[in-house]
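Comments concern the structure below.
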Amino acid sequence: MLQYLVNGLSLGAIYALFSLGLSISWAGLNILNLAHGTVFMVGALTAWLLSEQLPGVPFLLVLVIAMVICGLIGLAMELVVFRQIRRRTSDGNQQTLTTVIATVATSSLLIAIAEQFTGGQPQGLSQDLFVVSGYTVFGIRITNIQIAIIVIAAVLSFAVAWFIKRGRQGQALRALSVDRDMAKLVGVSADRLSALTMFGAGAMAGLAGVLLAVQINAVEAHMGEALLFKAFAIIIIAGVGSIGATVAAAVALALVETFVAAYWVSDLRDVVVFALIILFLLVRPQGISSKGWQRA
Amino acid sequence: MSLLVLDDVKVHYGGVRAVDGVSFSVEPGQLCGMVGPNGSGKTTTINAITRTAKLTSGRITFDGTDIANVPPFKLRRIGLVRTFQGIRLIPDLTVRDNIRLAAEQHGHKRRKSRAGAVTPDAFSEALIERFGLSDVKNERPGALPYGTQRRVEIVRALSTSPKLLLLDEPVAGMNHAERADIANVLKELHAEGLSMLIIEHDLRMLLNLSDHLVVLNFGKLLAEGEPHATASLPDVQRAYLGGSIERD
Amino acid sequence: MIDWLAANAPLLRNISVLALLGYSVQLALRAGVFSFATVGFYAIGGYVTANLLKAGWNWVAVMALVIVVGFVFALVISPVLNRLRHLFLAMATLAFTLFIQSLALSWATFTGGAQGMFGVRRVLPQGAMIAIVVVVVLIVWLTQRGVLGRATSALRHDELLAASLGVNVSRQQTMAFAASSGVGALAGFVQVSTTGVFGPDDISFSTVVTSLTVLVVGGAIIWAGPLVGAILVGTLPLYLVKAGNLSLIIQAVVVLAIVVYQPEGLVGIVKYLFSIIRKPFRKKPRETTAGAPAS
Amino acid sequence: MKQRSSTKAPARRRALGILGLGVATALIVSGCSADPAAPGSSAGAGIKITVLADITGKAAFFGTAIEEASKYTVDELNAKGGINGNQITLTVKDTASSAATASSLMNDAILDNTDAVIFGVLSEEALAIAPLAQDAGIPMINVQAAADGITETGDAIWRITPPQGNFYPKLAEYVSKQLKAKTAAVFYVTDNAPSVTLATEVMPKAFGDVGISITDSVSSSSTETDLTTAVSRLLAGHPDYIQTQAIGAQNIALITQLRRAGFTGGIGGGTSLGANALAALSPDQSNGIVYYSSFVGSDQLPYASGNDFTKAYEAATGKQPTTFNAETYDAFGLIRAAVIASGKVSRADIVSGMAQVASKGGFAGAQGDPITFKDRSADTPGVVIQWEDGKETLAPGQ
């Protein structure tokens with residue numbers, strides 16, 4: 001019982017790290033980034049490549065490099081894709097839709113590139129990258145990577161929440177989410193802020209990617225797709241853009257999944273996720289936090 | 001019987017009282033002007049009439065019908081038609097198609113079979129001809145001068161044969177010539193007996209055009225009555241101090 | 001001609017299915033409905049077809065029923081979707097598609113589970129398949145013109161304005177969604193009745209990606225878009241096979257470039273070239289005085 | 001953009017559309033003419049074999065193994081004077097793991113003078129192209145493609161990979177005798193048909209027959225990234241042995257997490273476990289893991305034809321042959337045996353020849369001596385493979 005609680009908590013931490021970036025870019029920039037899972041995969045891929053090419057590279061360095069690379073991918077998407085689309089289409093609906101489809105195309109591109117590296121085969125990480133050791137406390141098994149995941153997710157969630165609420169850029173982002181044109185009038189640089197947001201969202205996805213890769217010791221080009229759908233559920237449950245609710249929903253979903261898998265039929269966990277999505281769409285389409293700063 | 005009656009209309013968003021107990025009416029054939037400083041609740045009032053803003057309380061009747069019972073898309077059918085503050089033309093339809101779109105929705109088509117009835121095409125063609133849009137009818141609106149786009153919007157609204165036309169700042173952002181142009185159109189329509197409710201910043205323009213003036217301030221009705229007399233009331237003058245009246 | 005049709009039967013079949021998927025997406029998007037439910041209905045159409053053909057039904061009856069099933073199913077779920085807008089709708093419909101996928105895996109008695117359905121009679125004559133596509137293209141073409149086409153344009157660009165002009169927004173969008181679903185289900189029918197197999201791999205996320213690709217490559221709004229997109233997406237891999245592992249990268253780059261830099265797709269490019277050729281013969285358009293002067 | 005849209009007239013849509021159609025037609029036409037199929041040699045003077053395989057795409061790893069083995073086998077057969085004096089012309093085409101592409105290529109092969117098609121590896125492609133081959137009467141021999149309903153298509157469709165269920169009795173016996181396991185748990189993925197059947201039907205029976213009880217059977221979808229809960233459940237019953245019927249990355253994740261959790265018992269899996277998962281793991285995690293297959297590249301096999309193949313293949317390519325290499329070799333072997341049996345090389349003769357081979361007790365190949373057939377699918381008992389230091393070895397004591 002407690003064992004499953006720990007398992008669910010560490011899974012929820014990964015979900016939270018992953019969903020936060022997706023939620024913020026949606027709320028702030030009105031982008032449903034279907035390539036978010038792929039950016040996550042690039043984080044894992046970077047860790048694998050570094051550990052293969054540079055044996056003995058420090059884990060922290062890998063973490064930083066992966067975050068920077070994924071952040072840069074996010075930035076590149078904003079500069080090369082989203083910004084160009086914004087410039088070219090003035091019609092709001094058209095812009096939103098074109099952007100969604102562009103993220104799908106970006107995702108295909110990143111996966112195709114990743115498969116060049118992996119040869120289409122799953123790859124295992126070098127064991128030297130991060131030596132995983134387990135501890136047993138009161139009969140509950142927990143590994144150092146699980147602890148790291150939970151701590152990092154908690155710290156980062158607070159940091160992001162603080163940033164959105166108190167930080168100058170965070171407040172500007174909230175203004176941007178309400179009305180892009182209005183934000184421009186009051187002196188918010190929409191372009192710079194969008195770039196910053198995409199960088200941050202990418203970096204967080206990359207971080208989650210490295211952590212999960214160490215946890216499961218496997219890297220594969222399609223590894224982000226499943227998480228993307230979990231993130232959908234989390235965003236629908238939490239509402240767009242609310243940090244606290246997103247983290248809570250991530251942990252709750254992970255716990256529900258874990259207990260379904262542990263005490264019921266484990267392949268029903270996806271069905272339960274879908275049931276939750278439908279339920280929330282029916283009962284509370286705006287999510288649990290109605291006072292979020294979303295525009296939806 | 002009044003055409004449009006607002007009875008103690010309130011629209012509150014959370015704590016914001018955008019419209020807070022407004023009552024007035026528009027008579028058939030009247031050109032009613034509505035003025036007020038920014039944020040006085042003019043547009044929200046029109047939104048309440050066309051059901052794009054939700055009534056917090058109060059009652060709006062049009063032609064004897066409580067509009068709360070009419071879905072927004074059916075307001076056209078009972079003869080209530082509006083324009084919006086910004087230009088809202090469909091960019092990938094030509095001027096002609098923008099106008100036909102509205103004429104068709106109004107249901108001219110169904111009358112086609114009846115003897116002597118006009119088809120939407122003929123109806124919109126006639127309007128295009130009459131309002132001098134024949135030269136540009138095959139253009140996309142995006143490329144047209146601002147004044148022309150406004151004109152297209154008004155013609156499009158007219159193509160639904162409205163009983164009451166609601167115009168939200170029809171001359172905002174226009175130069176002198178364009179304003180005069182639109183004012184002439186409005187005068188002509190008024191002369192034909194079309195009822196209109198016009199929101200405008202430009203008090204002077206409404207003074208010359210309208211035969212009834214409604215002044216809003218802070219979501220409340222400040223004054224109403226004969227235009228010149230109303231405009232010279234001290235309260236109205238005070239509300240407009242601070243440069244809210246546009247001076248060219 | 002007959003020889004050529006026979007020689008390219010698999011290619012034509014593939015193009016037909018891709019085109020129908022593309023039109024299904026287009027029918028919804030064109031009316032401003034951000035629906036990614038096409039593949040879900042494709043799955044429903046496919047599995048229903050497989051079961052009925054196995055039960056010995058006549059294909060014409062199956063086709064009619066499949067369209068109706070898609071239609072009715074769409075009407076049933078549309079009240080939920082009507083409450084959602086834009087990205088939420090996109091996400092909800094994507095979730096619907098994924099739900100159908102997991103249902104396909106778990107409801108083995110109807111779908112064959114992970115194994116899928118196989119050995120279905122391949123009854124659809126090639127001529128009928130082409131006729132189906134032609135009819136769908138014609139319907140789309142016709143509805144992009146005239147009264148319905150104008151109302152649809154208005155819906156896509158400005159729901160509020162459309163409503164104020166008297167367009168019944170929710171009804172028209174529901175009908176667009178239903179039409180989209182009917183065509184999606186029809187694509188499933190064509191796939192099963194020409195290949196005889198249908199399984200979870202046919203309805204994976206990559207099918208969602210493919211159907212969107214078909215649409216944007218050809219042209220998302222223009223009636224000929226999905227057809228042109230299907231032809232390109234259907235034939236390109238056969239050429240790109242020579243590029244080996246790089247083919248996927250090349251495909252992705254091409255699609256991305258079109259989405260970002262040529263949102264009107266290939267048909268848009270053709271139109272543009274056409275307008276350049278014709279320009280000297282046309283009366284000069286009036287000069288633009290874009291935007292409003294500051295007040 | 002703006003200027004362009006301003007010059008459009010509505011009446012032009014039709015003309016543009018027609019132009020679009022014209023372009024479309026041009027594309028189709030060029031599409032059909034772009035892949036000129038060189039006319040093959042007529043029967044008697046040679047034999048034309050087309051190999052369709054996933055050289056790129058998600059099963060590329062297996063496809064390339066098939067391609068390599070095809071080239072090796074054709075060189076070897078032609079050097080020995082071909083099949084019954086007919087030199088083999090080999091064409092290898094990449095299906096790119098797409099059923100649509102595979103269909104087009106199969107159609108090309110049918111219209112071409114191809115005498116036989118060897119296909120590998122994905123079931124969804126095989127299901128799509130087998131009916132085409134059957135209708136055209138062209139013999140098609142499948143490598144892998146384990147789904148039901150492929151060989152059932154008709155008399156021209158064969159499979160050279162024995163069903164995985166065949167190997168289970170041997171694995172169960174090995175786990176019981178050599179690993180001394182009394183209890184076992186199994187993990188499988190619900191969205192892969194063979195995994196489900198093997199884990200829920202075949203394995204319980206085979207393990208039950210040798211007296212091993214199953215403590216738990218844990219499933220997941222193949223896309224699931226989180227296996228901590230599955231691992232906790234598998235370990236809850238303290239089994240001596242854990243069998244995994246997952247695919248790809250999940251096998252890696254599962255084995256890693258089992259070992260990290262301190263599980264020291266035996267771990268086993270299915271045919272592609274070595275290439276697909278163990279090769280990615282470090283030796284301390286992967287050594288000693290067992291799995292079954294129809295073949296292992298060893299010269300200790302209990303039949304000479306297998307040892308000969310291993311030695312010859314290693315000599316020619318410098319690489320240890322894999323199961324997929326061996327199966328491809330045997331696919332050619334089946335065609336050869338069929339041609340010899342019927343004496344002719346036309347499509348129909350090869351089809352009837354294969355039936356004769358099957359009814360007369362099979363032929364000697366890399367996977368067995370003899371390789372027999374049941375319902376047009378190869379039928380061999382298989383071997384248990386043990387993974388040692390990044391290589392497949394024949395598990396001891398078989």
Side-chain angles (χ1 to χ4, degrees), chain C residues 4 6-15 17-18 102 105-106 112-119 122 141 144-145 195-197 199-202 218-219 222-225 227-228 231-232 234-235 237-241 244-245 247-248 266-267 270-272 274-275 278-279 282 285-286 288 290, chain D residues 2-4 6-10 12-13 15-17 19-21 23-25 27-32 34-35 55-57 60 93-96 98-108 111 122-124 127-129 131-132 147-150 152-153 189-196 221:
Chain C
W4 181 83
N8 289 283
L11 181 66
L12 286 173
R13 189 179 68 207
N14 189 29
I15 288 174
V17 172
L18 288 174
S102 40
L105 281 171
S106 42
Q115 179 88 73
M117 304 294 278
F118 51 82
R122 295 179 295 138
W141 180 56
Q144 272 198 19
R145 310 161 59 80
T195 62
V197 289
D201 288 301
D202 291 301
I222 307 156
W223 65 270
L227 187 62
V228 173
I231 290 165
L232 193 79
T235 44
L238 296 180
Y239 293 101
L240 285 179
V241 154
N245 285 322
S247 67
L248 287 175
L266 284 180
V267 178
V270 173
K271 274 182 149 183
Y272 178 61
F274 206 81
S275 74
R278 274 185 63 156
K279 195 172 274 171
R282 274 180 57 85
R286 286 173 59 156
T288 308
Chain D
K2 190 162 239 170
Q3 197 187 16
R4 176 152 44 89
S6 72
T7 57
K8 282 176 203 156
R12 286 171 53 206
R13 281 192 181 168
L16 292 166
L19 186 67
L21 265 180
V23 170
T25 318
L27 272 165
I28 301 188
V29 172
S30 62
C32 82
D35 229 333
I55 293 157
T56 58
K93 290 272 177 72
D94 177 14
T95 62
S98 146
T101 306
S103 299
S104 282
L105 295 174
M106 176 56 97
N107 204 52
D108 290 348
L111 296 172
L122 294 178
S123 294
E124 63 254 38
L127 282 166
I129 64 175
L132 300 176
D148 289 343
I150 298 171
E152 286 87 334
T153 309
V189 286
T190 48
D191 45 359
N192 179 278
S195 298
V196 178
S221 86

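To find a chain, count down the sequence lines: A is the first, B the second, and so on, and within it residues start at 1. In this text the structure is predicted, and so the values were computed from the model without any measurement.
- Between D/Pro131 and C/Arg122 there is a side-chain heavy-atom pair separated by less than 4.5 Å.
- Top candidate by heavy-atom pairs under 4.5 Å with chain D, chosen from C/Thr195, C/Asn14, C/Asp201, is C/Asp201.
- With a 4.5 Å cut-off on non-hydrogen atoms, D/Asn192 touches chain C through its backbone but not through its side chain.
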Handout entry: Steps toward side chain to side chain contact (heavy atoms under 4.5 Å, CB included) verdict (D/Thr95, D/Leu105)
Key = CA-CA 7 Å; D/Thr95 62; D/Leu105 295 174; 4.2 Å; yes
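- Contacts of D/Thr101 classified as side-chain hydrogen bond (donor to acceptor under 3.5 Å, both in side chains), with partners at least two apart in sequence or in another chain: D/Ser98.
- Taking CD1 of C/Ile231 as the reference point, atom CG of C/Leu266 lies at 10.5 Å (rounded to 0.5 Å).
- Interface remark: of the candidates D/Thr56, D/Asp94, D/Leu122, D/Thr153, D/Thr56 forms the most heavy-atom pairs closer than 4.5 Å to chain C.
- Not counting sequence neighbours, the partners of C/Ile222 by the side-chain contact (heavy atoms from CB on, under 4.5 Å) test are C/Glu264, C/Val267, C/Lys271.
- If you measure heavy-atom distances from C/Pro237 to chain D, the contacts under 4.5 Å come from the side chain alone.
- Listed options D/Val196, D/Ile129, D/Asn107, D/Ile150 were ranked by heavy-atom pairs under 4.5 angstrom with chain C; first place goes to D/Asn107.
- Proximity to chain D is absent for every atom of C/Leu248, based on heavy atoms less than 4.5 angstrom apart.
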